[in-house]
Every structure is written in C-alpha cells, then in structure tokens.
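These notes are about the structure you will find just below.
Just so it is clear, the structure is predicted and the values come from calculations on it, not from any experiment.
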Amino acid sequence: PFLCLSQERENKKKHKKKKNRDNLESSGSESDTVYPSNLLQKENADREEAQVRVSETFIWLDDLQTPTDSPFCIDRRADRANWEYKSLYRGDIARYKRKGGSCLGLDVRTQAVNWNDGGPEKKRVDKKPGRYFCPSTRQLLQSDSLPALPTLSEGNAVSSDTYIKLSACTDEQGSSTQAPVSWVNLLGIYDHGTSLWLEGKGQPEVKGDQQDVEAQRGSSTLLSAWVEEFNRKLWENPMDTQLWLDFVHFQVGLQRGKVSFDGEMKKMSLCAVLEKKLSIVDRAVESNPANVDLKLEKLRLCKELWEPTTLQKEWKKLVFIHPNSVPLWRKYLLFTQSHFSTFSVSKVNSVFGKCLSTLSAVQDGSMVSHPPLPGTQEDLLDIFLQQCHFLRQAGHTEKAVCLFQALLHFTFFNSDSVKDLPTRQQVDCFEPFWDSGEPRIGERGARGWKAWMLQQERGGWVIPPEPDEDDDEEQDDSEIKDKTWPKWKIWLDVEASREANHWLPWRPDKTKGQSEEDCEDPDRQVLFDDIGPSMIRVDRPDLQLQLILSFLQFLGLPGPSGRFSTTSSSNILLDDLAFLEEGPDPDVGHMTFLSDCRRQAGLCKAGEEFLQNVLQQTLPLVSVQDQAAITLCWLQYDKLKWKKRRLKSQGKRSKRLAKRLLKEPDNRGSLALWREYAHLEWLLGNLEEARKVFDTALGMGVTRGLNDPVLCNLCFLYAQLEVEQALNSGTIPTSKAVYILTKLAEGAAYTPFAGQIKPVAILKARKAYEQALLSLSTGSNAEAPKKLHRMSSLVGCFGLFQYLTVGIDAADDALSLLPFSASLWHLYLQAENRYHSAGRAHRFFHSVAKKTNSVVPYISFPTAEKQSHLPGEALPAMPNNGLSNRIRCLFENATATEHGAHCPLLWRMYLNFMVNGIFYKALQAVPWVKGLYMDAVQLFPERVQEFLDLMTEKELRLRVPMEEVDILLEA
C-alpha cells in the first residue's frame with residue numbers, strides 16, 4: 001500500500017504540472033477560441049478528481065461502478081496508537097520479499113544501502129581492573145593457593161625489593177636493549193605500559209582476560225581438590241558424623257566462591273546449594289541411620305523447603321524413634337515454641353508435658369525399649385524449669401506457680417506407700433490430693449500430700465474456719481486511675497495492675513461457701529490436666545535444693561546464676577533488663593516495659609505472705625547446709641527491697657533479720673551471711689561499721705585462700721565498694737582494694753589495712769591468681785558446674801586486681817575467661833568509659849563475642865553505648881559518628897546467631913531501638929513473649945486492637961479485654 005500511495009502522489013503532481021502548463025499556453029494565446037481537444041482534457045481531469053474523492057472513502061471492491069487503476073483508500077486521520085506505543089502494530093506492517101540489492105531513487109555510483117540487519121551497534125567498553133568485591137577477586141582471596149600474577153613483557157622480571165628500580169641508562173644497556181623512543185618517552189625511561197598511558201592508550205585486553213582465567217582456574221582447582229578430599233575421606237570412613245556435617249557446611253563456602261552478584265542468580269544459587277546440602281545429608285543418614293545429629297541437620301535444612309504440617313509430622317516421627325534423646329527433645333521444644341505459623345500456648349504446653357512424661361518413663365525404667373542416657377535427671381529438672389518460665393513469659397503465671405507447688409508436694413511429701421511405683425502411677429495417686437482442696441505449699445495450713453493420705457486412711461480431717469479479714473483481696477473500687485487517658489494507656493495500666501495482684505491461682509474458699517462458678521476470671525483456675533503430665537521425680541538432694549531455690553527466684557528472690565545446663569535455655573529466659581543489675585530472673589507479677597524502667601518493689605500483699613509461707617515451709621525439708629543457702633536468698637531479698645524503696649523502716653527490718661540469722665549457731669560461720677550483713681551496713685551509710693564486719697569475716701576465713709568461692713565473692717564485693725568510695729571522694733582507688741585482693745591470694749592470716757603494700761606481695765598474688773585459673777581450666781568436665789561457680793568468683797577478683805595494678809588491657813584477659821557474667825561486663829564498661837577509647841572497647845567486644853555462645857555481651861555493649869551518649873555530657877566516651885548504625889549492626893549480628901535468635905530481651909531491645917519494621921520479624925522468633933506485645937502497644941498505640949487479637953489467637957494470657965475497658969469507662 002505504501003508503494004501505491006507514493007505512485008498516486010506522483011500522478012497528482014504530473015497532473016497539476018500538465019494543467020498549469022495548459023493554462024499558461026491558453027493564457028498566452030491572444031484568442032479565446034475553445035478547441036475540441038481542450039474540452040476532452042477538461043473532462044479527463046474531472047474524472048480523475050472524482051476518482052480521488054471516491055478513494056478517500058471506504059467502499060467495497062464489488063461496489064465499484066467503474067474499474068479503476070488504483071483500488072485503495074487513503075486515510076488522512078492520525079493514528080493515536082503511534083503516540084502511545086513504541087512501534088507499529090505488526091499486523092499493519094506490509095510483508096514483502098526483496099529482490100536484488102538496489103534501491104530506487106539512489107545514485108548507484110555514490111550511494112548504497114546495507115540490507116544486513118545487525119541490530120543496534122554495541123558500544124565498545126574498555127575493561128577496567130576488578131575491584132575487591134568482584135567475583136574473580138573474591139575467588140583469589142578465598143583460595144589458599146598463590147594468586148595468578150599478571151603476565152609480564154619480555155625483559156621484565158618480578159622483584160621482591162621494597163623500592164622501585166629504574167631501568168639502566170641507554171649507554172649501559174647498549175643499542176640492542178634500547179627502549180622505543182617516542183614523543184612521550186624521549187629519554188626512554190618509561191616502560192611500555194606507562195608510555196601507552198601517556199599516549200592515552202590502554203593495555204591489550206588479552207592479558208587481563210588471561211589473568212582472570214588463570215585466577216578462576218586456580219580457585220576452581222583448589223575447590224575441586226577440597227571436594228575430592230572430602231569424598232575420599234567419606235568413602236574411607238562413612239561413619240564419621242562430624243565429617244559429614246563439615247562437608248555440608250563446606251557447601252556454603254563453595255557457593256560463595258561461585259555465586260554471582262545478581263540478586264536473582266544469587267537466590268537460585270542458594271536454592272541449589274540447599275538442595276545439594278540436603279542430598280548430602282540424605283546420604284549421611286543412609287550410612288548412619290541411628291545418628292540424631294544428622295537427622296536434626298536434615299530437619300533444619302528442610303525448614304525452608306517443607307510445609308509446616310509436613311515438618312511437624314517429621315519432628316513427631318523423630319522423637320518417637322528416639323524418645324530418650326534429651327538434645328532432640330530440646331530442639332523439638334524450641335521448634336514448637338518459636339514456629340509462628342503453628343504456635344499456640346496450649347500446643348507448646350502439651351509438648352512440654354509429653355516430653356517430661358516420656359523422659360520420666362525412660363528414667364524410671366517403664367520404657368524398656370530405650371535406656372536412660374547420662375544426665376537425664378538433671379535435664380528433666382532443667383526442662384521443667386523451662387516450662388515454668390515459658391508459661392510466665394506467656395502471661396500464665398497461675399499455671400507456673402501451680403507447677404512448682406505440685407512438684408514440691410510430689411518430691412518432699414511423697415507417701416511411703418507409693419514411692420516404689422512408676423512415675424505415672426504416682427501421678428494417678430497424686431491427683432485426688434490436688435483436687436481435694438487441701439492447702440498447698442505457700443498457703444496457710446499446708447500439711448502436705450503425705451499427711452493428707454495418712455489422715456484419709458483414718459477418716460480425714462475437718463479444716464477449721466479461719467478469720468477472713470486478711471483473706472479478702474484488696475481491690476480498688478475503680479481500677480482506672482485517670483479516665484482522660486487514651487484507651488490504650490488505660491488498658492496497659494489495668495493489665496499491669498491485674499498482673500501484679502492476680503498472679504496467684506484462684507481457689508474457692510469452702511469456709512465462705514464459694515464454688516468454681518464464683519471465679520470472675522476462669523483462666524485463674526488451674527486444672528490437674530494442665531500440670532499432671534509434667535510431674536517428674538527429683539531424688540537427689542542437690543537437685544531438690546535447686547528446685548527450691550528456683551521457685552524462690554521465680555518469686556523474686558535473688559540467687560545464684562548458672563542453674564541451667566545449656567546456654568540456649570538461659571538465653572530463652574532473658575526477657576527483662578533487670579538481670580543486668582539484680583540477676584538473671586525477673587520476679588512474677590511485674591510487667592515491665594523497656595521504654596519505662598520503673599519497677600515495683602517487692603510483691604503485692606498476698607504475694608509477700610505467700611513468699612513468707614514458702615520460706616517457712618521449705619526450710620525444714622533440707623539439710624542445715626542447704627538451709628543456709630535459703631536464708632541467704634531471704635536476706636538478699638530484703639536488702640533488694642530496701643534498695644528499691646529506700647525506706648528507713650525497711651532498712652531496720654532487714655538489719656534485724658540479718659542479725660537474727662547470724663545469731664543462730666549453724667549460721668555463725670557462714671561467710672555468705674556475713675557478706676550480706678556487711679553490704680547492708682554499707683548501703684545504710686554505716687561505712688566504718690561495715691568495714692569492721694568485713695574485716696571480721698575475713699579474719700575468720702581468709703586462710704581458705706582462692707579455693708573458696710564464697711570467700712572470693714566476699715573479697716570482691718569489699719574491694720569493689722572501696723574502689724567506688726574512693727572514686728566518689730576523688731582519690732586514687734588502689735591501696736585498700738589491692739591490699740584486700742592481695743591478702744586473698746596469699747591465704748595467710750588477715751590484719752586490717754595499715755597503709756602499705758609491698759611490691760613483692762603484689763607479684764606473688766598475681767602469680768597465685770594465674771596458677772589458680774590454670775588449674776581450673778585444665779580440670780575434668782565432670783565437675784563443670786562447680787568449676788563454673790569457682791571461676792565466676794575467681795575471675796572477678798583477678799580482673800579487678802589486674803585493673804588496679806596494671807590497667808584496663810590486663811583486665812580484658814580476665815573478662816575473656818568469663819564472658820557471660822553480666823556483673824563483670826558492667827564493671828568493665830564503667831572502667832572503659834573513663835578512658836574515652838571507643839576503638840579498644842569495640843575490638844575487645846568483637847573478639848569476645850566470636851568465642852562465646854552467650855548473649856550477655858550483645859546485651860551489655862549496646863546498652864553501654866547508648867548510656868555513654870546521653871545528652872548533656874561534656875565529653876562522650878565514644879564518638880557519635882554512626883552510632884545508630886553501629887548499634888543496629890550489633891542487634892542484627894546478635895539476632896542472626898543461633899544462641900541469640902530466640903532471646904526475648906534482644907528482640908525487645910531491638911524493637912525499642914528501631915521501632916519500625918521489627919515487630920513482626922521478632923514475632924517469627926519469639927511469638928510466646930507477652931512483653932513483646934506490650935512494647936508494641938506502647939510504641940504503636942493506634943494498632944492496639946490488632947495486637948490484642950493476635951494475643952488471643954496465640955492463646956497468650958489476656959486479663960483485660962478491650963470490651964471490659966469500655967465497661968469500666970462507663971461505670
């Protein structure tokens with residue numbers, strides 16, 4: 001059609017030229033005579049114009065009245081599609097076949113057309129040398145072989161000299177070795193590459209390509225050698241489990257050397273590597289079908305490939321095949337607890353019960369198919385404590401308290417008639433006592449399961465009515481403090497208030513005629529089905545003491561740390577910043593927010609009475625030595641309450657309690673009680689009296705030396721208080737503290753400080769500390785808990801001694817031995833802030849974080865960084881440049897590790913720091929922590945209903961629904 005249109009235009013032009021020429025001829029003639037030929041030409045012209053007008057309208061070919069030479073239509077309207085699209089529609093483009101290579105209208109002598117369609121011309125880009133992040137350079141850095149050197153021209157050689165040599169003069173070289181002379185190299189002193197650069201030219205690309213090829217060839221050869229070595233070793237020893245796991249982890253490094261920087265290519269490579277690792281693990285499981293570690297690795301890899309239901313079935317199948325493997329049960333519990341899509345509190349609680357009942361059957365021999373493994377009894381108590389803290393973190397404190405009460409009755413008040421029965425049968429006999437309504441541990445009048453069974457055989461007893469004036473719960477008429485507050489703030493306040501007052505389980509008071517229907521909140525009632533499967537047997541005296549101390553710490557009493565056998569368990573329990581100051585366990589009934597550090601001192605009135613009853617009822621159950629540990633916790637709790645309240649009456653009560661405990665004959669030689677009494681006098685401001693108490697205690701037990709951890713703790717506290725007092729008064733804190741730590745290392749008779757320290761004594765003390773630490777580090781693993789307790793106190797003394805005598809650098813070595821001690825990190829960061837050296841602190845932190853599985857460094861260091869940049873400081877300890885990015889990287893690295901990925905406190909701190917974009921990421925790791933939802937309500941108040949619905953869906957404890965808040969506002 002395009003050719004036809006151009007032909008029509010040419011015809012029109014010829015017609016117009018001919019018509020103009022005729023007009024000129026006619027006008028040029030002087031006569032007006034009309035000839036017949038002129039009439040014929042006019043008739044032909046009219047006919048052609050009619051054809052043109054006809055061709056401008058669409059008409060069917062069959063409707064033409066007269067045949068024409070050009071049956072087509074001319075459309076003069078613009079096509080809007082040409083404005084909207086980049087090219088014409090393919091259906092509108094005419095198809096044709098070209099014949100010949102010429103083109104009409106071109107001069108064949110001077111013009112020509114190239115009909116070859118070569119596409120768009122590519123711009124020639126000069127290849128630049130690769131940077132450090134290029135794939136070829138990364139392969140060179142990751143390879144252990146020598147890097148491929150660039151190809152040198154003839155006459156040049158590689159020299160190891162530290163300076164650049166110039167080439168010899170022209171006269172010395174001779175005419176045969178003269179460099180090429182050009183306008184940029186008149187003297188001939190430049191090499192070939194420099195001359196090309198001065199001329200504006202580049203090196204040939206062949207050499208650079210050859211270098212990359214050689215580098216890739218060398219790296220590929222090395223990787224192939226490693227793979228070949230792994231295959232050879234696995235072929236020779238297919239039972240080596242660790243070698244299989246190393247080969248699986250090696251695939252990550254293999255993928256890093258070959259992956260591209262393109263995002264899509266990288267994702268595809270990661271999937272390919274994951275499938276390859278899975279195939280290796282399958283081969284390893286075929287060779288080692290009874291190995292649990294390989295199966296755990298397979299489930300870890302399949303977490304990103306399988307559906308949640310399939311993954312859940314595989315976990316159940318695996319624990320069914322290996323019911324006596326405690327590490328497997330721990331992994332399964334962590335999976336059910338942290339898998340957000342399938343998580344709910346009831347499901348996780350049932351899995352805990354299934355785990356404890358199964359391991360109990362293995363421990364007492366009921367499950368004859370699988371023998372108990374070493375350490376099963378300690379692991380049973382550890383998992384039980386983990387379940388109690390899981391319920392506390394989810395808000396179900398009533399169930400956690402009932403679990404402790406039930407296990408204490410099941411352990412200390414077991415009847416002689418059922419002691420020889422299996423654990424499950426003992427639980428069946430225990431259920432009637434639990435449902436009988438008899439007082440339990442912590443309640444007034446508690447007699448125990450054994451006494452109840454004996455009395456039942458005699459006909460039972462009648463509980464006398466007790467006065468009810470103290471039993472009534474103190475509850476304000478109005479739980480809302482200020483109705484002008486926003487609704488979300490009112491909900492937070494009421495929820496926290498009920499958390500503090502209603503954490504004890506509710507039971508109907510039969511003396512008042514109450515029944516189960518009288519309970520306003522049914523979740524406060526705990527049924528036996530919720531706690532029965534978790535009952536275990538605790539027979540060893542040390543584990544029984546650990547159970548009592550764990551319950552007291554659960555209620556808020558300070559106590560020894562390191563109670564859990566695995567670091568991952570202790571990391572999961574950290575959910576409150578109070579552990580940095582008071583210990584690793586926050587007490588029940590206190591809902592804290594990281595953005596609001598205010599904390600209630602002690603428990604409510606009913607809680608304090610409950611705690612006193614527990615202390616009085618559990619003391620007669622243990623030996624005299626263990627009673628000292630319980631009374632120590634009692635005294636520490638009173639001291640902690642005074643530190644929070646700062647009430648003079650509370651201080652007097654705590655002092656009377658300490659004196660009363662020390663007057664008992666069994667406690668007069670307890671250095672731990674003397675330590676707490678001296679510290680209490682120091683806090684009350686009686687410094688001289690406190691020093692006398694400290695000196696008296698040291699005179700009694702300093703001869704025990706560094707082998708006594710209690711004595712080390714006493715000396716460490718005494719020296720620390722002296723250092724702080726000296727710093728507050730503006731003097732140099734060396735003499736008194738160094739003297740105390742030196743006398744501890746000597747192990748000789750102690751005399752009060754006289755003002756002089758011999759340098760030889762300091763050297764001998766340092767040598768004694770080093771030998772004591774060496775003996776602890778080379779001991780056997782069987783006494784690991786005792787060694788850890790001794791090392792924690794010894795490292796503190798040695799670190800403070802090194803800081804006072806040598807400096808902060810020497811104290812770093814001591815802290816690196818005990819990186820999970822929050823108190824030592826607190827002291828170290830306080831001392832480091834005085835030096836205003838941020839780089840040293842950063843380097844030390846990163847070196848320690850790489851070697852430990854504890855999250856304490858990751859928690860302590862960001863907290864110190866934020867505190868060191870508080871507004872108003874004249875000279876911050878660390879520079880502000882990139883502070884937010886540095887802290888964010890610390891949190892990212894901490895939550896990416898295996899031991900920090902499920903730490904609630906890390907995620908709460910990260911959420912409070914970043915605010916945006918972290919909440920749902922944290923839910924994927926710690927969906928059971930109620931405090932995380934509370935922080936989110938405070939940070940995003942407009943989404944409070946969304947968070948409450950999510951808590952209800954996951955079955956977290958919700959004490960005040962939003963509908964009840966509306967009712968309270970209307971009341």
Side-chain angles (χ1 to χ4, degrees), residues 639 655 658-659 662 668-773 790 792-808 810-811 814 823-824 826-828 830-831 834:
K639 182 185 69 175
K655 191 174 179 179
K659 290 183 177 181
L662 286 173
R668 290 177 182 177
S670 175
L671 293 180
L673 289 179
W674 282 99
R675 172 182 178 272
E676 296 301 325
Y677 176 50
H679 192 201
L680 183 60
E681 290 284 1
W682 193 287
L683 292 176
L684 292 174
N686 306 324
L687 302 185
E688 295 300 326
E689 185 67 25
R691 289 190 176 99
K692 291 180 181 180
V693 176
F694 273 120
D695 293 338
T696 303
L698 288 176
M700 292 189 301
V702 75
T703 55
R704 304 175 189 177
L706 299 175
N707 295 324
D708 189 358
V710 181
L711 179 61
C712 292
N713 285 331
L714 187 146
C715 293
F716 179 64
L717 177 62
Y718 192 10
Q720 180 183 352
L721 293 176
E722 290 291 351
V723 170
E724 293 177 355
Q725 181 64 24
L727 290 175
N728 293 333
S729 60
T731 59
I732 301 176
T734 55
S735 302
K736 188 68 176 291
V738 172
Y739 177 79
I740 296 170
L741 297 174
T742 303
K743 283 296 182 180
L744 171 65
E746 289 179 357
Y750 178 81
T751 56
F753 178 63
Q756 293 181 355
I757 307 174
K758 296 181 179 180
V760 178
I762 296 177
L763 294 177
K764 290 182 178 180
R766 182 177 294 110
K767 189 67 175 179
Y769 278 117
E770 293 175 353
Q771 291 179 354
L773 288 173
R790 284 186 57 193
S792 61
S793 56
L794 182 59
V795 167
C797 294
F798 182 51
L800 185 57
F801 178 80
Q802 290 288 85
Y803 169 65
L804 295 175
T805 57
V806 181
I808 190 66
S823 58
L824 291 183
H826 181 67
L827 293 176
Y828 167 75
Q830 276 186 339
R834 303 179 186 274

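Residues satisfying the side chain to side chain contact (heavy atoms under 4.5 Å, CB included) test with Gln720, not counting sequence neighbours, are Phe716, Glu724, Leu827. Residues forming a side-chain hydrogen bond (donor to acceptor under 3.5 Å, both in side chains) with Asp708 (at least two apart in sequence, or on another chain): Arg704. Shown here are the ring-ring contact (aromatic ring centres under 6.0 Å, His included) partners of Tyr769, two or more places apart in sequence or in another chain: Phe798, Phe801. Legend: residues meeting side-chain hydrogen bond (donor to acceptor under 3.5 Å, both in side chains) with Thr751, ordered by chain and number and at least two apart, are Tyr739. Residues satisfying the salt bridge (charged side-chain N to carboxylate O under 4.0 Å, His left out) test with Arg766, not counting sequence neighbours, are none. For Asn707, the side chain to side chain contact (heavy atoms under 4.5 Å, CB included) test picks out Arg790, with sequence neighbours left out.
Considering all non-hydrogen atoms of both residues, Val710 and Ala672 come closest at CG1-N, 3.6 Å. Nearest heavy-atom pair across Leu804 and Ala737 is CD1-CB, 3.5 Å. When every heavy atom of Arg675 is checked against every heavy atom of Asn713, the shortest pair comes out as NE-O, 3.4 Å.
Interatomic distance, Leu706 CG to Cys797 SG, rounded to the nearest 0.5 Å: 8.0 Å. Between Lys639 atom NZ and Lys655 atom NZ the span is 15.0 Å, to the nearest 0.5 Å. Rounded to the nearest 0.5 angstrom, Leu714 CG and His679 NE2 are separated by 11.5 Å. We find the CD-CG distance between Glu681 and Leu684 to be 6.0 Å, quoted to the nearest 0.5 Å.
Every pair tested for salt bridge (charged side-chain N to carboxylate O under 4.0 Å, His left out) that includes a residue from residues 751-760 fails, sequence neighbours excluded, so the list is empty.
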Just distance, no hydrogens or angles: give the donor-acceptor pairs under 3.5 Å from side chains in residues 740-747, sequence neighbours left out.
residue, atom, partner, partner atom, Å
Thr742, OG1, Val738, O, 2.6

Exercise answer: donor-acceptor pairs, residues 692-700 side-chain atoms, under 3.5 Å, sequence neighbours excluded:
residue, atom, partner, partner atom, Å
Asp695, OD1, Tyr718, OH, 3.3
Asp695, OD1, Tyr750, OH, 3.0
Thr696, OG1, Lys692, O, 2.7

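Between Glu722 and Arg691 there is a salt bridge, with a side-chain nitrogen of the basic residue lying less than 4.0 Å from a carboxylate oxygen of the acidic one.
By the 4.5 Å heavy-atom criterion applied to side chains, Leu721 and Gln725 are not counted as neighbours.
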